[in-house]
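Lettering follows sequence order; numbering is per chain, from 1.
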Amino acid sequence: MAVCIAVIAKENYPLYIRSIPAEHELKFHYTVHTSLDVVDEKVSAMGKALVDQRELYLGLLYPTEDYKVYGYVTNSKVKFVMVVDSSNTALRDNEIRSMFRKLHNSYTDVMCNPFYNPGDRIHSRAFDNMVTSMMVQVC
Amino acid sequence: MADEALFLLLHNEMVTGVYKSADQGEVENGRCITKLENMGFRVGQGLIERFTKDTARFKDELDIMKFICKDFWTTVFKKQIDNLRTNHQGIYVLQDNKFRLLTQMSAGKQYLDHAPKYLAFTCGLIRGGLSNLGIKSIVTAEVSAMPACKFQVMIQKM
């Protein structure tokens, strides 16, 4: 379902990035990188907006010809970016949201692991498996 | 509840453990405090990540402080902070009139000089939580009569 999933730290460096197929990796790195500006823009716009628009899920960041890019920012300013094939029209906003929720839950577990150093790259196997399950679900 | 007692016991053992291990090597009070504070820092980082998972985005600094005083404190210490004061210039004073980690110890001034080592972990807890939410701070504790205590949070502007 998702073709690329990335976790970006507070200071905007990648903590985790995975994509399929592997040969387009560089392209996805680039897509995720460019999406960070949109994330920043959305978050700063949200501060001024109404009270009820304070959800962690940011929605669609921008569509390209082949892909749609979705974003999510936690309260600790960690960003999740998900790239989805735009031919996959069955995917609703709500499903994307629940996928991000799952991702967030899993990230929290990593963060609460005493052997993980905050700010390091994520090497957790549980996290890896969860991401894999989200990537292959539909394909 | 049983888990309340467990936290208290574990915390007490932790303080004793850290001080005992220091006794064998060098005897430096400051180093133990720092060690406890750093432990609290890491725990605070993890806890805040979990607690803020389902909350809406915070509006500003004060919103975050309120969260610490209400939700965070309730989850960890089973009560809210009694009084939060601020000068709106980056200094917050959190006052707890019946601080959970001190209530079992003494009520009065008798053991006042032992108080700092039982507050270091909590200072770290606050600092770690705030730092994970993007606020750098210095947290100090102050006790005039147990079990009441004050935590002063100084926000470091970047």
Point-to-point distance, once rounded to the nearest 0.5 Å, from [atom1] of [X] to [atom2] of [Y]:
| X | Y | atom1 | atom2 | result |
| --- | --- | --- | --- | --- |
| A:C112 | B:R50 | SG | CZ | 4.0 Å |
| B:D54 | A:H104 | CG | NE2 | 8.0 Å |
| B:N132 | A:S76 | CG | OG | 4.5 Å |
| B:E49 | A:D109 | CD | CG | 10.5 Å |

Co-membership, hydrophobic cluster, residues [X] and [Y], 4.5 Å side-chain:
| X | Y | value |
| --- | --- | --- |
| B:V153 | B:V93 | no |
| A:Y30 | A:Y62 | no |
| A:Y13 | A:Y116 | yes |
| A:Y57 | A:L60 | yes |
| B:L62 | B:I126 | yes |

Are there more than 12 heavy atoms of other residues, nucleotides or ligands under 6.0 Å from atom [atom1] of [X]?
| X | atom1 | value |
| --- | --- | --- |
| A:K27 | NZ | yes |
| B:K98 | NZ | no |
| B:H11 | NE2 | yes |

Report summary line: Correct closest heavy-atom pair for B:L133 and A:K10 would be N-NZ, 4.5 Å
Report task. Quick one: closest heavy-atom pair of B:T52 and A:N75, and the distance? Result -> O-ND2, 2.9 Å
Requested in this report: Would you mind checking which part of A:V78 comes under 4.5 Å of any heavy atom in chain B, side chain (CB onward), backbone (N, CA, C, O), both or neither?
Outcome: neither
Query raised in the report: chain B heavy atoms under 4.5 Å from A:N105: which part of the residue, side chain, backbone, both or neither?
Result: both
Query raised in the report: Can you name the side chain to side chain contact (heavy atoms under 4.5 Å, CB included) partners of B:N87, sequence neighbours left out?
Result: B:Q89, B:I91
Query - Residues B:K53, A:L56; criterion side chain to side chain contact (heavy atoms under 4.5 Å, CB included); working and verdict - result: CA-CA 9 Å; B:K53 207 170 61 185; A:L56 300 178; over 6 Å; no
Requested in this report: Heavy-atom distances under 4.5 Å only: say whether B:D60 touches chain A with side chain, backbone, both or neither.
Outcome: neither
Report summary line: Checking heavy-atom separations under 4.5 Å from chain A, one finds in residues 36-46 of chain B B:R42, B:Q45, B:G46
